[in-house]
There are 2 protein chains.
Amino acid sequence: MNRTDYLQAAEAHCERRGCKLTALRRQVLELVLRHEGVVKAYQVLADLQKERGIAAPPTVYRALDFLVEQGLLHRVDALNGFVVCDHFECQHESMILVCETCGKVQEVDVIAALAGLRDVADAADFTLSRQNLTLTGLCKACRI
Amino acid sequence: MNRTDYLQAAEAHCERRGCKLTALRRQVLELVLRHEGVVKAYQVLADLQKERGIAAPPTVYRALDFLVEQGLLHRVDALNGFVVCDHFECQHESMILVCETCGKVQEVDVIAALAGLRDVADAADFTLSRQNLTLTGLCKACRI
DNA sequence: GGGCGAATGTTACTTTATAACATCAGTAGC
DNA sequence: GCTACTGATGTTATAAAGTAACATTCGCCC
């Protein structure tokens with residue numbers, strides 16, 4: 001899916017969910033899309049400032065929070081960053097794989113594989129919500 | 001395991017691993033032990049200052065990093081906090097369950113259940129390291 | 001007791017995130 | 001058209017989290 005299609009789909013997705021991908025939110029989403037992998041909020045802020053002169057942290061954080069809420073982005077806690085999710089339509093649960101060496105990130109769907117963890121959680125009297133796990137390890141290139 | 005036994009076991013654990021649970025590190029560990037569940041670094045710092053007058057962030061962070069490295073604590077990324085691990089002896093992998101409502105935290109072992117995720121990661125040409133996952137959901141009390 | 005390495009102290013700063021309040025834009029009802 | 005409301009954005013200030021860099025001290029080996 002190219003960037004334009006993605007943005008259009010994202011807009012429709014928000015519409016369907018009863019909220020709006022405003023100009024600002026769209027702009028922030030575009031800025032995140034321009035990066036490979038994880039982006040930091042303050043990086044987005046800097047980019048935004050380049051495009052529109054001034055902008056303060058809350059502007060960016062609000063937009064990012066919105067995008068995460070809509071499922072368009074995932075927050076990667078381990079890195080204090082954000083990644084684009086490009087299958088926001090399906091009710092997915094994913095693993096975000098972060099290479100410890102090169103830092104590259106990829107997202108994989110894991111609905112089925114989570115069943116085991118869900119069982120363990122159940123046994124501990126705990127109901128797991130939908131998850132977007134961040135897991136670390138080594139990518140193919142760094143494994144050697 | 002009570003606190004004293006825990007500390008003794010922790011000390012032995014470090015010894016075995018060829019490093020030392022110094023007075024400072026031990027004190028920090030004790031401070032973390034005193035809290036239920038997750039503690040923040042700056043909370044520990046405040047506690048430490050109460051006990052010994054002055055202390056700066058690096059003092060605490062260094063001790064916490066050490067304790068995490070030794071497996072005595074886990075870092076909970078999603079909360080920017082730390083929890084005591086009380087089975088640091090075994091080669092475990094755990095899920096840290098965080099209740100979205102009350103914030104309570106518990107740790108469960110999941111070596112077996114992780115096999116499924118490991119398979120998915122393998123399929124994505126990614127080698128998972130040992131994991132301490134943070135997962136969110138609802139605890140029994142908050143589920144209603 | 002001199003020298004070495006690890007641990008701790010100290011200062012200063014960076015990065016990340018949010019509270020609180022002001023303003024503005026769209027729109028539903030009159 | 002005007003008003004009043006709601007949700008989005010702007011603005012200011014500050015809180016919270018984390019680290020770099022260098023100084024000092026402590027324990028230990030020779």
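In what follows, every chain begins at residue 1, and chains take the letters A, B, ... in the order their sequences are listed.
Exactly one residue among B/Val76, B/Val68, B/Val38 makes a side-chain contact (heavy atoms from CB on, under 4.5 Å) with B/Phe82. That residue is B/Val68.
Distance CG (B/Asp77) to P (C/dA17): 12 Å, rounded to an integer number of Å. Straight-line distance from the CZ atom of B/Arg75 to the P atom of D/dA17: 10 Å, rounded to whole Å. Put simply, CG on A/Asp65 is 14 Å from C1' on D/dT9, counting in whole angstrom units. The nearest whole Å value for the distance from the OH atom in B/Tyr61 to the P atom in C/dT14 is 17 Å. For the pair A/Gln70 CD and D/dG7 P, the interatomic distance rounds to 14 Å; values are reported in whole Å. Distance, A/Glu69 CD to D/dA8 C1': 14 Å, rounded to whole Å. One can place CG of B/Leu64 at 15 Å from C1' of C/dA7, the figure rounded to the nearest angstrom. Look at CZ on B/Phe66: it is 18 Å from P on D/dT19, rounded to the nearest Å.
Using a 4.0 Å cutoff on non-hydrogen atoms, the parts of residues 36-53 of chain B near DNA chain C are B/Arg52, ordered by number. For the segment residues 22-31 of chain B, residues with any heavy atom less than 4.0 angstrom from an atom of DNA chain C are, sorted by number, B/Thr22, B/Leu24, B/Arg25.
One finds no side-chain N or O of B/Thr59 lying less than 4.0 angstrom from the OP1 or OP2 phosphate oxygen of C/dT8. For the pair B/Asn80 and C/dT16, the criterion of a side-chain N or O lying under 4.0 Å from OP1 or OP2 is not met.
Aromatic pair A/Tyr61/A/Phe66: centroids not less than 6.0 angstrom apart.
Listed for the A/Glu107 side chain is no donor-acceptor partner under 3.5 Å among the backbone atoms of A/Leu97. Using modelled atom types, one side-chain atom of B/His13 and one backbone atom of B/Gln70 make a donor-acceptor pair closer than 3.5 Å.
Using a 4.0 Å cut-off between charged nitrogen and carboxylate oxygen, B/Asp77 and B/Arg75 count as a salt-bridge pair. Looking at A/Arg118 and A/Glu93, a side-chain N of the basic residue comes within less than 4.0 Å of a carboxylate O on the acidic one, giving a salt bridge. The residues B/Glu11 and B/Arg16 are annotated as not salt-bridged, no charged nitrogen and carboxylate oxygen being separated by less than 4.0 angstrom. The pair B/Arg143-A/Asp125 meets the salt-bridge criterion, since a charged nitrogen lies less than 4.0 angstrom from a carboxylate oxygen.
Put simply, the side chain of B/Gln49 does not reach to within 4.5 Å of the side chain of B/Ile54, judged on heavy atoms.
When distances are taken from the side chain of B/Pro57 to each of C/dG9, D/dA17, D/dT19, the shortest belongs to D/dT19. For B/Lys20, whose side chain is taken as the heavy atoms from C-beta onward, the closest listed nucleotide among D/dT19, C/dA17, D/dC28 is D/dC28.
Below the 3.5 angstrom threshold, one finds a donor paired with an acceptor across the side chain of B/Arg62 and the base of C/dG9.
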